[in-house]
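Everything on this sheet refers to the single structure shown next.
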Amino acid sequence: MESLETYFYLFKWGLISGTLFALSSAFTSPYLILQRNSLFPHALTHILFLSLFVVSLLSSSIPLFLKFPLLVILTLILSLGIFVLHKFTPLYEDTATSLLTYFSLALALVIANKTSQYDITLLNYLFGSLIVVSEGDVYESFFVFILSALIYLKYKDLWLTQCIDREIPGLHFKRAHLAFILLLTLQTIVGVKLMGVLL
């Protein structure tokens, strides 16, 4: 019994954060499947990998509380590049996703090679770990869960309609789609800390 309590103490923040992540993902996962785009979060993890290296490079000059927002902003900007490529070039969305994903991964590896930015934080993001999840990470997971629930309640009907037809007169999907991308980005950032970029 004592050993069980010890294990629970080691993993408690990871278990709580993982549970909140699972609940958050439940709000968006069905729509990803309906859109036949279930690999998009996988692409986001590779884009996130580049953002992690950039934030790691800037870590000495920015406060700790700004790292998570900066990570979100950089990942969002890079992920929106997929839709810019799709809209302004003859590329299909999956082709644009592949191009940006592997460009981000390659650039991240070049930065890692040139700057020696392999630290323990990046390794945790690369492979994931329940043990290294802190109380602060649980607060981030809780924030993502609450935001996921609120945005889901607001846009769930538009998300479902968008899965059926994206061009219905009188319905504007842009905000709903941007909110969906924001949620996926936040959920990916939380999930990567638990499961790792490679998984």
Side-chain angles (χ1 to χ4, degrees), residues 21 24-25 28-29 31-62 64 66-129 132 137 140 144 147-148 151 159 162-163 166 173-199:
F21 166 68
S24 302
S25 300
T28 53
S29 297
Y31 299 99
L32 276 172
I33 294 167
L34 288 171
Q35 291 174 13
R36 298 187 179 120
N37 203 10
S38 56
L39 287 178
F40 183 68
H42 175 69
L44 275 178
T45 60
H46 289 73
I47 293 169
L48 173 63
F49 197 46
L50 175 59
S51 302
L52 283 166
F53 275 103
V54 173
V55 171
S56 180
L57 282 171
L58 300 172
S59 60
S60 58
S61 57
I62 58 172
L64 184 62
L66 286 178
K67 287 184 180 179
F68 185 77
L70 184 59
L71 198 57
V72 173
I73 291 166
L74 285 173
T75 308
L76 270 177
I77 291 170
L78 288 168
S79 60
L80 288 175
I82 293 169
F83 303 100
V84 171
L85 277 173
H86 174 56
K87 187 171 183 179
F88 296 105
T89 66
L91 297 173
Y92 291 106
E93 191 172 326
D94 56 347
T95 307
T97 301
S98 298
L99 283 173
L100 196 63
T101 297
Y102 290 110
F103 171 77
S104 299
L105 187 59
L107 190 57
L109 292 174
V110 169
I111 293 171
N113 187 42
K114 297 297 182 183
T115 60
S116 301
Q117 285 299 307
Y118 282 118
D119 60 10
I120 190 65
T121 305
L122 288 174
L123 287 175
N124 289 336
Y125 275 109
L126 189 60
F127 298 105
S129 177
V132 299
D137 296 321
E140 290 172 4
V144 171
L147 192 64
S148 298
I151 292 178
W159 289 347
Q162 191 177 15
C163 295
R166 295 190 178 191
F173 296 109
K174 189 175 286 185
R175 284 187 182 177
H177 192 60
L178 286 174
F180 190 69
I181 297 300
L182 172 64
L183 280 190
L184 288 177
T185 303
L186 289 169
Q187 290 167 4
T188 302
I189 291 172
V190 169
V192 159
K193 188 71 179 285
L194 296 163
M195 297 179 292
V197 169
L198 296 180
L199 184 59

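With contacts defined as side-chain heavy-atom distances shorter than 4.5 Å, the pair Leu32/Phe180 qualifies. A heavy-atom distance below 4.5 Å is not found between the side chains of Phe21 and Asp137. Considering only heavy atoms from C-beta on, Leu78 comes within 4.5 Å of Ser51 through its side chain.
Distance check: Thr185 OG1 to Leu48 CG gives 9.0 Å after rounding to the nearest 0.5 Å. Thr75 OG1 to Ile47 CD1: the interatomic distance, rounded to the nearest 0.5 Å, is 8.0 Å. Atom OG in Ser24 sits 11.5 Å away from atom CG in Leu184 (nearest 0.5 Å). In this structure, Leu186 CG and Leu147 CG are separated by 6.0 Å, a value rounded to the nearest 0.5 Å. Interatomic distance, Leu50 CG to Leu100 CG, rounded to the nearest 0.5 Å: 9.0 Å. A distance of 10.0 Å separates OG1 in Thr188 from CG in Leu183, rounded to the nearest 0.5 Å.
Nearest approach of Ser25 to Gln187, heavy atoms of both residues: CA-OE1, 3.9 Å.
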